[in-house]
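Heads up, the thing below is written out as structure tokens.
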Amino acid sequence: MEIATTKFPRWFVRRDIDGFFGLALDNLIQILLIVSLCQGVLGFPVSLVYGRILPGIALSLIVGNFYYAWLAKEQGKREQREDITALPYGINTVSLFAYIFLVMLPVRLAAISGGASNEQAAELAWQAGLVACFGSGLIELAGAWVGDPLRRLAPRAALLSTLGGIAITFIAIGFLFRTFANPVVGLVPLGVILLTYFGRVRFGIPGGLLAVLLGIALAWGTGLLSWDNAKFATALQPIGFYLPGLWLGKLWSSRSVLIEYFSIILPMGLFNLVGSLQNLESAEAAGDSYPATPSLAANGIGTLVAAICGSCFPTTIYIGHPGWKALGARIGYSILNGIIMGLFCLTGTVAILAYFVPIEAGMAIVLWIGIVIVAQSFTATPPHHAPAVVIGLLPGIAGWGALIAKNALRAAGLGTPEKPLTPALIEQFKLSDTYIDGAFALEQGFIFSAMILAGITVYIIERKFRHAAYWSVFAAVISWVGLMHSYRWTVADTVVNLGWGTGTAWAVGYILLAILFFYVDWKERRKA
């Protein structure tokens, strides 16, 4: 007689090492971006970056990674499974850029123009970032209780294709460009990753670790990196131990930022909420079903912890769960990520790590994650929903294209107070048959527009025309108030234009579309 055995997830398995390298690299890239932008763009002193911001990041990463590891352990016990993978977690990239360039930088420039010193301006900008981060956390936490109903309303193709659009552009293409910019260094680690996870080849050590080691060796051996005494000495300077502080007083004294920058904070909080919800759907499609309310609430709490303890940057459930699961990672990779990233931030050793380990050494893992997510958009949805998946990819691609176009303009010397970006550029683009204004419109709230357009297409395919009409009405409402499509020009960018009636043209278009769907629904019902 066969005796049934109870299966429980283990805290650590060998393939957690691969998962750790991928997730840690992703987190490390965000942290290096924060250090670079805070010091280079915002002019923050080393003491502010390493003494306040990074310790706050450390605590938020530790809290979130440990919670999601515990949640996976408990979920695995309930389901009697040992193959469950913890939700990946880290710093929200979109909010990172939004809060630096759309909140903190304007506050700093306004302070300097008002006669403040660089130190005073940096302090005010940091406080504004804390408030923006705190506001995002409140929105994420409050939205945790509407997660499950939204998952029931949105077709899987609508949720997964949105992630696919982000993965193919903001994740995969960027690292593919970097791979072919440095092919001698980048192609071999990519080959190791593809052989390990698509070809199922075993090298004796985890494929992710081998790829990183080969990348480091090639980067230093080919001269992509070389020894520099001055840079090494600079990397050693921040090393120490920094305890997180509590900055409730700074938050309260800068509370007016919530009102002044509400048009930035609200959409960022909503985008983070919707993005995390889509990542939960992605995890379920990969075989791991997590309850929405505690998962989303923990995400909001992590962001609130970040703000209270000195970080200006919201956290989120990461895109890429199917990739980590395919790597064989389970629970331990999340715990390792929280511990190691926390130690790097608390000890100031991020700088020395960045000196020795180039991004090229590990970017193949992140590129592979992007590939897996896009593939899942098609494989985890019904085959006849493939057109909806394709449509859902397009807004993310358009948003990425708009970003690249503006980066090109800034690289050409535009986007300065002397040469600001203006609507006149639209006509210049049209001379080459490029309707860049459409890309700018799709860029704003592309998470919403991707989900809505894919959802509408699913219901058309299923001949549920009334449902498609309802989604069109919803699109009209959020377009009317500027949550998607509506944009305004700043000196160096096009940004969301939140306000009553700011998206009139798009709202009217969606209403007309809804009328069409209602008419077709009425006509089809009469035929029946």
Side-chain angles (χ1 to χ4, degrees), residues 146-169 270-271 274-275 277-282 284-285 373-401 435 438-439 441-486 503-528:
V146 300
D148 275 323
L150 187 54
R151 285 176 78 180
R152 288 192 292 269
L153 286 172
R156 176 166 286 184
L159 294 172
L160 295 187
S161 64
T162 308
L163 292 182
I166 297 170
I168 201 172
T169 52
L270 291 175
F271 292 166
V274 173
L277 186 63
Q278 291 161 337
N279 290 329
L280 286 176
E281 185 68 20
S282 176
E284 183 171 318
I373 295 165
V374 179
Q376 187 203 40
S377 301
F378 291 93
T379 59
T381 54
H384 65 288
H385 286 176
V389 173
V390 174
I391 288 178
L393 296 175
L394 298 180
I397 295 172
W400 178 82
Y435 287 79
L442 281 167
E443 179 190 22
Q444 304 306 326
F446 71 84
I447 289 179
F448 290 131
S449 57
M451 186 168 63
I452 289 168
L453 291 174
I456 287 173
T457 307
V458 166
Y459 286 124
I460 290 174
I461 293 169
E462 298 293 339
R463 296 182 60 80
K464 296 179 179 179
F465 304 116
R466 184 175 295 183
H467 287 74
Y470 292 150
W471 276 63
S472 297
V473 171
F474 175 70
V477 171
I478 65 174
S479 295
W480 177 266
V481 297
L483 282 174
M484 66 181 191
H485 301 320
S486 180
T504 300
W506 296 281
V508 170
Y510 282 118
I511 286 294
L512 293 175
L513 192 61
I515 292 171
L516 172 64
F517 293 145
F518 279 127
Y519 167 73
V520 172
D521 178 72
W522 171 78
K523 184 179 178 182
E524 292 299 311
R525 287 174 184 272
R526 284 192 65 188
K527 286 166 59 177

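All values derive from a computational prediction rather than experimental measurement. Values below: every heavy atom of this structure, side chains too, minus hydrogens, waters and symmetry copies.
Between the OG1 atom in T504 and the CH2 atom in W480 there is a gap of 4.0 Å [rounded to 0.5 Å]. Atoms CD and NZ, on E524 and K464 in that order, are 15.0 Å from each other to the nearest 0.5 Å. From W400, atom CH2 reaches atom CD of E443 across 12.5 Å, with rounding to the nearest 0.5 Å. Note: I447 CD1 to L277 CG = 11.0 Å, rounded to the nearest 0.5 Å.
Put simply, the side chain of P383 does not reach to within 4.5 Å of the side chain of F378, judged on heavy atoms. H467 places none of its side-chain heavy atoms less than 4.5 Å from the side chain of D521. A heavy-atom distance below 4.5 Å is found between the side chains of I461 and P387. Residues L453 and L394 fail the side-chain proximity criterion, which asks for heavy atoms closer than 4.5 Å. The closest side-chain heavy-atom distance from R466 to F517 is not below 4.5 Å.
Of all heavy-atom pairs spanning G396 and T169, the tightest one is O-OG1, 3.8 Å. When all heavy atoms of A507 and S479 are compared, the closest pair comes out as N-CB, 4.0 Å. Residues G392 and A454 come closest through the heavy atom pair CA-CB, 3.9 Å. Residues S161 and A157 share a closest heavy-atom pair of OG-O, 2.6 Å. For W471 against I456, the heavy-atom pair with the smallest separation is CB-CG1, 3.7 Å. Scanning both residues, L393 and G164, for their nearest heavy atoms gives CD2-C, 3.4 Å.
Side-chain N/O atoms of H384 and E462 include a donor and acceptor closer than 3.5 Å.
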Open item on the list: Go through it in stages, so that I can follow the logic: the residues are F474 and F448, the test is side chain to side chain contact (heavy atoms under 4.5 Å, CB included), and I'd like the CA-CA distance, side-chain angles, deciding distance and then a yes or no.
Closed with: CA-CA 10 Å; F474 175 70; F448 290 131; 5.6 Å; no
Open item on the list: As a quick check of understanding, evaluate side chain to side chain contact (heavy atoms under 4.5 Å, CB included) for V458 and T381, giving each step before the final call.
Closed with: CA-CA 11 Å; V458 166; T381 54; over 6 Å; no
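Judged purely by atom type and a 3.5 angstrom limit, S449 uses its side chain to pair as donor or acceptor with the backbone of F446.
Between Y510 and H485, the ring-plane angle classifies as parallel under the 30° and 60° cut-offs.
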